[in-house]
Asks: 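Have a look at the structure that comes next, please.
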Amino acid sequence: VSGFRQARRRGLLFVVPYGASFTAFIVLPIVVALVLAFMQFDLTSRESIKFIGWRNFQEALADKYFWMAMKATVSYVVLMVPSLIVSSLAVALGMNAMSHGRSSVRALLFLPGMLNVAVSAILWRWFYEGEFGLLNYYLKHLGFQPLPWLSDVHYAMPSIVLMSLWWVMGGTSVILLTALQQIPKQIVEAAVLDGAVNGRLFFRVLLPQLRPVLLFVVITNTIAGFQVFGQPLLLTNGGPELATRGVVQYIYEQAFSTYRLGYGAAMSWLLFAVIAVLAIGQYQLFRRAVS
Amino acid sequence: VSTKASLLLLFAVAVVLGLLRSDLLSRMTSGRPKVQISFWNGFTGPDGRTMLEMIRKFNEANPDVEVSMQRMAWATYYNKLMVACTDNRGPEVFVIHASTLPRMQRAGFIAPATDLLEGPNAIPKDDFEPYVLAQTRFGNDYIGVPLDIHPQGMYCNTDMLKKAGLVDAAGNPKPPADKEEFLHAANAMREDPGHTGHPDVWGFALSMWQNNYQSLLPQFDGRYLDEHGNADLANPHNIEAMKFIASLKPLVPPPENGLGWLGFRTQKVAMVWDGVYMLGDLKRLADMPYIGAPIPVIGRHPGTMADSHVLCMRRDLNPAERNAAERFIRFVSANSIEWAGAGQVPARRPVRASPEFRKMQVQYAFSQQIPWMMYPPRTPVLFEVSLEIQLAVEKVVRGRASPEEALRVANENAQRFIDTDRRENVRKGGNP
């Protein structure tokens, strides 16, 4: 028994460094943000700091800019998540079918994901530049009209999604490729022997086998989508006409440009609630489908 | 040489280097430690190098003080400054834009600097424009010393001016000075040989749209706030200025192609309105033929938008730090002709009257607008009000709203922010 206790104590010692940093940098800020959400807390006006109950939440729900930001965020998620899943799955299927050079293709696809968001965004800002950008250069070269990639209200968000796809698709494809390679060969061979080819093989055999991984990919990317910040900030700074200013950027501006930390914290909790509800909903939906 | 000896040697070198870096050596040699002054600003461009050189000279002339500079992008600078200073970890001296002072002042970390401007050894107040100095006054105190003025002005491509025949009697390029000349020049310098509607060269392009609009406000006697501090963005004068911006639509590149400053520096645009601080960017281009001029009189009289970098001190400095900080501010202010070289207009009149400054063509031309310049709204909710102005200009330039409608919406929203701020924040006597 004493040996077991000693081993447990040793185990706990190994956990302490991570536990301490987790408490300091995750738990504590969450608790502070929760307290702040119920306070009027303007960093520039410390005399006026006080508890105000639910007023920050009420203000956020009545704030048209909060809803504009939510709309921009939702449009990013709606465009990003399905296109990411479809394109990553297509790439993963392609790589899975390759007999040679799979590792090289996988490495190349994974490469953009290694770049920092700032580097990726600056690179793409030059691709998208109206007059001198690479994309419009090729469009003009091919006889097409140049496109207002980042400067038009209707084009800006799809352009941000395109850049994000380039940036994250490699990682998602690799996850899906691994899942595809985990499917027992016997199942695929049996299905082929039974006459399942192409579409039927994919929809009836492969896709059901991929569902647990797809659940993971959809949920994590939905959460990441709701937290989008770097790409719109660096590509458009939320413009044109706030069409791409997401909730996280709005929270950032409220907390660190107007210094209303309490209001920013309240909006963070609202965003957390939206993400939690969606993630739980998606989980339930997929779990039912899997079972 | 044995490993042990190498390690000992390495240790000795490290100790010596450490001594050189620390104030221990100076304490050992002079008996007194140097007063350390940390100086924060957002001078991340070529202007930062000029400021570093000024600091080097100050440190040389003041062996008992060591000023070290930390620069960061303006976008994140104020966040860091605010957080550091409210936690008493901020720099001893820092730069704040005059327009940002109302919000920063309210946080309570900026020390009064009245003794730098009044009393013995003061920098003469008469050296500054009263309008500029007033931006730093809160209650009975001045809270900083204006270092410079950075007005918006007009940059023209001299080759294109000459090519279009826009020259004076001596054959020198002549930038347009009023509305008629400006519209004529914008048309004359436009090059669209195939009449495609996509000119190779545009006569004029809106650069920073919001700043371009705000530069016209003083010309039309516009304003941001009324005498009670309420939003007044949709007054008839502002609408008139915005209507001029809207009227430029057939003359300027479509908003989606993004030709503004980039177009000017690549010689696809002949004229732009932008800040004097963009001069540093032009100086890097070896073959760029340019000239600076005041923004043409589009409204009833000259005018432009401007702002200032203000040198401020932290509130809780000890006497030695305060003394060193004041000496540093006096030095930088007195030597602001050097700063002007980085693409700025010095805030002090005698420096602007010097022959050296008159030789700085762009800075001198832009400085001619000082009597009619207007700073951004003096309100703690500047960020919010500016965003509303920006949105209004964007809608008008893109043709998505009329000037009246865009400014009406902006005014409503701006007033909401002002009301929220008034409701939430305790006013101190000095707030505007």
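Here the structure is a predicted model, which means the values were calculated and not measured. Protein chains get the first letters and strands the later ones, always in sequence-line order, with residue 1 at the start of each.
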Asks: Give a yes or no on whether Trp126(A) atom CH2 has more than 12 heavy-atom contacts from other residues, nucleotides or ligands under 6.0 Å away.
Replies: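 Atom CH2 in Trp126(A) is not packed in, count stays at 12 or less.
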Asks: Please report the interatomic distance CZ(Arg103(B)) to CG(Leu43(A)), rounded to the nearest 0.5 Å.
Replies: 10.5 Å
Asks: Answer yes or no: is there a side-chain heavy-atom contact under 4.5 Å between Thr44(A) and Thr86(B)?
Replies: no
Asks: Within the structure provided, determine whether Leu387(B) and Arg245(A) are in side-chain contact (heavy-atom separation under 4.5 Å).
Replies: yes
Asks: Where is the tightest heavy-atom contact between Ser45(A) and Arg106(B), given as atom of each residue plus distance?
Replies: CB-NE, 4.1 Å
Asks: Hey, which residues of residues 247-260 of chain A are touching chain B, say heavy atoms under 4.5 Å apart?
Replies: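 Against chain B, the residues of residues 247-260 of chain A that fall inside the cut-off (heavy atoms, under 4.5 Å) are Tyr252(A), Glu253(A), Phe256(A), Ser257(A), Thr258(A), Tyr259(A), Arg260(A).
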Asks: Drop me the distance from Gln40(A)'s CD to Arg423(B)'s CZ, to the nearest 0.5 angstrom.
Replies: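 So the gap between those two atoms works out to 8.0 Å.
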Asks: Can you pull out the residues in residues 16-39 of chain A with any heavy atom less than 4.5 Å from chain B?
Replies: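 Within residues 16-39 of chain A, no residue comes under 4.5 Å from chain B.
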Asks: Where along residues 199-213 of chain B does a heavy atom come under 4.5 Å of chain A, listed by residue number?
Replies: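 So far as heavy atoms go, nothing in residues 199-213 of chain B approaches chain A to under 4.5 Å.
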Asks: Using a heavy-atom cutoff of under 4.5 Å, enumerate the residues of residues 63-79 of chain A that contact chain B, numbered in order, or state 'none'.
Replies: Lys64(A), Tyr65(A)
Asks: Is it the side chain or the backbone of Leu147(A) that comes within 4.5 Å of chain B heavy atoms, both, or neither?
Replies: neither
Asks: State, with a plain yes or no, whether a side-chain heavy atom of Lys268(B) is found less than 4.5 Å away from one of Phe132(A).
Replies: yes
Asks: Under a 4.5 Å cutoff for heavy-atom pairs, which residue among Ser151(A), Gly239(A), Gly130(A), Pro146(A) has the most contacts with chain B?
Replies: Ser151(A)
Asks: Answer yes or no: is there a side-chain heavy-atom contact under 4.5 Å between Pro240(A) and Glu394(B)?
Replies: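 Counting from C-beta outward, Pro240(A) and Glu394(B) do come under 4.5 Å.
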